[in-house]
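Okay, structure first, notes after.
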Amino acid sequence: MAFNPASGSDDSRRPAGHSSYRPRGKGSLNHDDDQDDSGGGDEFRTPAAPKLSTEYDSDSIVNLDYHGDDGKFDELSGADMLALINSYEETLTDIQEGQILKGTVIEVRENEVLMNIGFKSEGVINREEFGNATINVNDTFDVFLEKLENLDGLVVLSKERADFLKVWDKIKVAHEAGEVVTGLVDRRIKGGLVVKLWGVDTFLPGSQVALRQVPNLEDMIGEEIQCRIIKKNKRRRNVVVSRRIVLEQERESKKKNLISELQKGQVRKGIVKNITDFGAFVDLGGIDGLLHITDLSWGRVNHPSEVVAIGQEIEVKVLDFEQERERISLGLKQLQSYPWDHVEERYPEQAIVRGRVVSITNYGAFVELEKGVEGLIHISEMSWTRHIKHPSKVVSIGDEVDVMVLKTDKANEKISLGLKQCESDPWLTLIERYPVGSAIEGKVRNLTDFGAFVEVEEGIDGLVHISDMSWTRRVRHPKELLKRGDSVKVQILDIDTSKRRISLGIKQLQDNPWPDLADRFPVGHDVSGTVSRMLDHGAIIEMGNDLEGFVPLGHLGIPKLDKPQYYFREGEAAELKVIKMDVENRRIVLSIAERLKENGNEAMEAFVAAHPRLEDVVEAEAAAAAAGELPEKSAVDDDYADEVDYPVSDQ
């Protein structure tokens with residue numbers, strides 16, 4: 001074929017009588033989005049194929065097929081050539097922009113597909129419009145003619161627009177009627193999914209996919225779904241669908257039916273829809289019920305996911321139903337037998353059973369004997385000998401332990417267990433291993449105000465009372481003689497198996513020195529000593545070799561003395577006379593006044609002058625009393641209280 005190459009405008013390439021290829025009238029694509037386009041086949045009626053005119057310059061009609069071998073034209077008139085060209089053009093299809101045509105694939109390229117539509121030029125379609133479909137040469141498709149010629153001289157075609165226009169009437173009717181249509185999920189895109197509806201791409205937003213958020217939209221690819229068209233735009237070829245609306249309608253219908261037949265105590269099937277820390281929500285078919293964590297199992301459940309999983313179908317029992325509030329309480333464990341039935345027969349008292357530690361508290365450890373049956377090992381039942389500060393020092397969660405059933409209380413669902421009872425009680429044979437009077441060596445474990453605890457053997461301690469630490473010294477606190485960690489020799493004084501007590505003594509390892517002391521310090525014997533401490537009713541005198549004596553208030557040699565500390569200082573030397581020897585109570589009573597009398601009045605006056613009232617001590621004690629900081633008195637200080645009124649002789 002030929003055209004006029006002398007013409008520089010595009011119009012020279014168009015058939016005569018056609019200044020534009022834009023569709024007109026009802027067939028135009030510029031109408032409103034939802035305007036009815038029905039107009040039959042007239043909307044795309046094409047004028048007759050144009051004829052070339054004999055007014056063409058015959059020199060401009062060139063056909064190389066008619067050149068001879070010598071380069072000269074064969075004898076063919078211009079009229080014959082024009083007629084030949086017109087005959088060829090009559091074989092071509094009459095087309096115009098906006099038509100839907102049949103096209104045949106003639107070549108598949110990387111990014112485009114070439115098609116024959118029966119026109120002078122081939123048509124081209126973007127490869128992406130075919131999606132993932134396999135395309136072969138000679139395949140036929142309906143295509144939409146967008147432009148008769150692009151810059152490359154090819155006809156621009158669109159398969160997507162052809163598919164869309166073919167089903168537009170169906171889309172319009174379905175949208176206006178609110179029909180439920182079936183589509184196939186094709187692929188995932190930003191914001192949602194592409195659903196194929198009658199071969200056309202439609203958009204399903206992520207918020208319209210399901211009643212609840214779908215964690216992975218890719219899982220729905222290839223799935224056939226029911227949906228409704230909620231928005232359409234013909235000009236933009238945009239159709240939006242919703243699956244959620246269909247699901248909501250189905251749920252509402254099921255919900256009405258379910259509410260009408262739901263009753264307390266029913267057993268129904270449901271699907272786990274969601275799991276929280278406090279339970280699981282189960283869809284019974286239109287309405288959700290709560291399966292609380294406490295109703296999942298008779299046993300201990302730390303999290304509902306240990307028992308159920310999202311999407312799992314389970315049977316549950318309706319525990320409660322509030323129709324007005326549409327609240328349903330469900331139970332799973334209620335479909336199982338009650339584990340505390342006949343528990344006394346399975347776990348009789350004194351029986352040794354095996355269980356698993358499932359929880360630890362400050363006061364003990366809970367042991368699971370079977371699902372739904374737990375017992376408590378109190379901290380006091382964990383060891384015969386050890387002083388346990390916390391149960392975690394003995395057992396850990398997950399430990400398998402052997403325990404003895406101490407008590408079963410079915411009514412309160414409690415079982416008391418013992419761990420130490422599975423071992424022999426070392427206290428029962430203790431007196432055989434450590435008879436009274438035997439001497440042992442142990443480590444000081446702890447000090448208290450009343451004595452020191454000494455380890456007899458691992459886990460068993462005995463008490464050395466302060467009164468059993470020295471024959472001669474009044475011990476106010478054990479720290480005066482001992483400290484923690486010291487190794488000390490002691491004697492077994494007594495073992496009380498029922499109370500689990502052992503009495504120990506240090507002084508009993510030596511002979512009682514008081515009979516000898518009575519001979520060494522008879523009444524009237526003169527002694528020397530130092531003031532070691534002062535009491536409100538007298539003073540304690542250190543006589544050497546841990547031997548103490550007591551000077552009553554009236555025997556300190558100071559007339560009208562109110563408190564010894566107001567006139568004497570600790571460490572001060574003193575000359576005294578023994579005025580009482582009490583071997584039974586292990587006391588020596590001394591007197592400064594009796595010793596001074598032997599030296600006459602001048603000696604007594606000199607002694608008084610040498611001991612003026614210590615005002616600094618008086619003021620310091622008054623300030624301490626006002627601040628509430630006076631030292632506490634020891635019980636030992638009261639040992640000499642009955643000696644306060646011991647009279648001074650008149651000699």
Side-chain angles (χ1 to χ4, degrees), residues 207-217 219-220 223 225-226 243-343 346-347 355-356 358-359 366-375 397 410-415:
S207 61
Q208 298 297 316
V209 173
L211 297 175
R212 295 184 178 88
Q213 184 177 0
V214 178
N216 194 355
L217 293 177
D219 293 341
M220 295 188 64
E223 182 179 339
I225 62 171
Q226 302 288 314
R243 178 171 176 258
R244 178 173 181 169
I245 291 177
V246 177
L247 296 177
E248 287 177 345
Q249 290 175 342
E250 292 178 353
R251 182 178 65 175
E252 192 63 30
S253 176
K254 292 179 180 178
K255 179 179 175 181
K256 290 180 181 179
N257 295 333
L258 180 64
I259 290 177
S260 64
E261 62 185 25
L262 195 64
Q263 292 182 2
K264 185 177 179 180
Q266 284 182 339
V267 177
R268 305 187 71 95
K269 288 185 177 181
I271 297 177
V272 179
K273 290 296 185 182
N274 193 23
I275 294 177
T276 66
D277 291 338
F278 56 84
F281 288 94
V282 180
D283 184 1
L284 299 178
I287 188 170
D288 292 349
L290 174 62
L291 179 57
H292 197 269
I293 189 172
T294 57
D295 292 311
L296 282 169
S297 171
W298 292 110
R300 184 181 295 268
V301 179
N302 295 317
H303 194 272
S305 59
E306 298 175 4
V307 182
V308 295
I310 292 177
Q312 180 182 354
E313 185 179 35
I314 58 175
E315 276 194 345
V316 289
K317 186 174 184 178
V318 179
L319 304 181
D320 193 19
F321 175 44
E322 297 181 31
Q323 186 169 350
E324 297 78 10
R325 303 174 64 185
E326 296 183 358
R327 294 184 61 176
I328 305 175
S329 297
L330 305 174
L332 187 63
K333 72 179 184 181
Q334 286 77 6
L335 299 179
Q336 305 166 0
S337 59
Y338 181 51
W340 286 85
D341 286 339
H342 311 295
V343 70
R346 299 197 304 276
Y347 303 104
R356 181 172 62 92
V358 293
S359 179
F366 287 92
V367 177
E368 183 182 62
L369 303 179
E370 64 179 65
K371 281 293 183 182
V373 178
E374 295 180 4
I397 292 178
K410 177 185 175 182
N412 295 310
E413 297 184 356
K414 294 180 179 180
I415 297 180

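Every heavy atom of this structure was used, including side-chain atoms; hydrogens, water molecules and symmetry mates were not.
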Does a side-chain heavy-atom distance below 4.5 Å link [X] with [Y]?
X      : Y      : value
Leu284 : Val316 : yes
Leu262 : Arg268 : yes
Val272 : Phe281 : no
Val358 : Ile397 : no

Ile287 CD1 to Arg251 CZ distance, which is reported to the nearest 0.5 Å = 9.5 Å
How about Arg300: does its CZ atom have over 12 heavy atoms from other parts shown lying under 6.0 Å from it?
-> yes
Does CD belonging to Gln213 count more than 12 external heavy atoms closer than 6.0 Å?
-> no
With sequence neighbours excluded, tell me which residues meet side chain to side chain contact (heavy atoms under 4.5 Å, CB included) with [X].
X      : answer
Leu335 : Val267, Glu315, Lys317
Asp341 : Tyr338, Lys410
Asp283 : Lys273, Asp288

For [X] and [Y], indicate whether the former's side chain and the latter's backbone hold a donor-acceptor pair under 3.5 Å.
X      : Y      : answer
Trp340 : Gly372 : yes
Arg244 : Gln208 : no
Gln249 : Val246 : no
Gln266 : Glu261 : yes

Inspect the contact between Lys414 and Glu374 and indicate whether a charged nitrogen and a carboxylate oxygen are less than 4.0 angstrom apart.
-> no
Should the pair Lys371 and Trp298 be classed as cation-pi, given the thresholds of under 6.0 Å to the six-membered ring centre and 45° from the axis?
-> no
